[in-house]
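None of these values were measured; they are calculated from a predicted model. In what follows, every heavy atom counts, from backbone to side chain, and hydrogens, waters and symmetry copies are set aside.
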Amino acid sequence: QVQLVESGGGLVQAGDSLRLSCAASGRTFSSLSMGWFRQAPGKEREFVAAISRSGISTNYADSVKGRFSMSRDNAKNTVYLQMNSLKPEDTAVYYCAASLFGRATMWRHEYDYWGQGTQVTVSS
């Protein structure tokens, strides 16, 4: 089992920055690839970003490329999502996920563990 706890969400204005964190426990962190997904009210949960187990490979949704950056610190069992130039359409609950596959996958079904989510609200 893997436990994931997200933090760092909040209310910000358009153009601001925010950094989300996700702390993992319960399994060797460096064996897991990690991802961030988000879900806005009335919408499907969608892929945001992913990072491979080594941290060498990353993958981003087109909607966040150039604005968001995902990283990991295997010594701290933590992944981060740096979000810059935030837009109102980025408003959603952001979920951290862990995959046993090891690669920076964008597919929900390839993730085995999920956090409870953290709310990000961007006002215009």
Does the side chain of T121 come under 3.5 Å of the side chain of Q119 through a donor N or O and an acceptor N or O?
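The answer is yes; a qualifying pair exists.
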Working to the nearest 0.5 angstrom, can you tell me the gap between [X] [atom1] and [Y] [atom2]?
{"X": "R38", "Y": "E44", "atom1": "CZ", "atom2": "CD", "value": "14.0 Å"}
{"X": "L86", "Y": "S123", "atom1": "CG", "atom2": "OG", "value": "10.5 Å"}
{"X": "S57", "Y": "M70", "atom1": "OG", "atom2": "CE", "value": "12.0 Å"}
{"X": "L4", "Y": "Y95", "atom1": "CG", "atom2": "OH", "value": "13.0 Å"}
{"X": "M34", "Y": "N77", "atom1": "CE", "atom2": "CG", "value": "9.5 Å"}
{"X": "L81", "Y": "C22", "atom1": "CG", "atom2": "SG", "value": "10.5 Å"}

Can you name the nearest heavy-atom pair linking [X] to [Y], along with the distance?
{"X": "T105", "Y": "A50", "answer": "O-CB, 3.4 Å"}
{"X": "V93", "Y": "G117", "answer": "CG1-CA, 3.8 Å"}
{"X": "G8", "Y": "L18", "answer": "O-CG, 3.5 Å"}

Classify the ring geometry between Y94 and F68 as parallel (under 30°), tilted (30 to 60°) or perpendicular (over 60°).
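Answer is tilted, since the angle falls between 30° and 60°.
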Between E110 and R103, does any side-chain N to carboxylate O distance fall below 4.0 Å?
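A salt bridge is present here (some side-chain N lies under 4.0 Å from a carboxylate O).
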Decide, yes or no, whether a salt bridge links D62 with K65 under the criterion of side-chain N to carboxylate O below 4.0 Å.
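Salt bridge between D62 and K65, a charged N being under 4.0 Å from a carboxylate O: yes.
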Can a donor-acceptor pair be found, under 3.5 Å and without considering hydrogens, that links the side chain of [X] to the backbone of [Y]?
{"X": "T28", "Y": "S30", "value": "no"}
{"X": "S33", "Y": "S52", "value": "no"}
{"X": "Y80", "Y": "D73", "value": "no"}
{"X": "R67", "Y": "S85", "value": "yes"}
{"X": "D112", "Y": "L100", "value": "yes"}

Side chain to side chain contact (heavy atoms under 4.5 Å, CB included) between V120 and D90, intermediate numbers included:
CA-CA 8 Å; V120 172; D90 294 319; 5.5 Å; no
Are R53 and F29 in a cation-pi setup, meaning NZ or CZ lies under 6.0 angstrom from the ring centre and within 45 degrees of the ring axis?
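Cation-pi check for R53 and F29: fails.
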Does the pair W36 and L20 meet the rule for a side chain to side chain contact (heavy atoms under 4.5 Å, CB included), with working shown?
CA-CA 10 Å; W36 286 97; L20 304 183; 3.7 Å; yes
Only counting residues at least two apart or in another chain, list the ones meeting side-chain contact (heavy atoms from CB on, under 4.5 Å) with A23.
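Only T78 meet the side-chain contact (heavy atoms from CB on, under 4.5 Å) criterion with A23.
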Using the side-chain hydrogen bond (donor to acceptor under 3.5 Å, both in side chains) rule, collect all pairs that involve residues 5-24, keeping only residues at least two apart or in two chains.
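Sorted result for residues 5-24: S17-N84.
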In this structure, would F101 and L32 fall into the same cluster of hydrophobic residues linked by side-chain contacts under 4.5 Å?
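They do not share one cluster, since no chain of ILVMFWY contacts under 4.5 Å joins F101 to L32.
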Give a yes or no on whether V122 and L11 share a hydrophobic cluster (residues Ile, Leu, Val, Met, Phe, Trp, Tyr; joining criterion: side-chain heavy atoms under 4.5 Å apart).
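Looking at the clustering, L11 is in a separate group from V122.
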Centres of the F37 and Y111 rings: under 6.0 Å?
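Yes: the rings meet the under 6.0 Å criterion.
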Residue pair Y60, S69: steps toward the side chain to side chain contact (heavy atoms under 4.5 Å, CB included) verdict:
CA-CA 8 Å; Y60 296 95; S69 177; 3.9 Å; yes
Kindly check if the number of other-residue, nucleotide or ligand heavy atoms within 6.0 Å of CD (Q116) is above 12?
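No, CD of Q116 has 12 or fewer neighbouring heavy atoms, counting only those of other groups under 6.0 Å.
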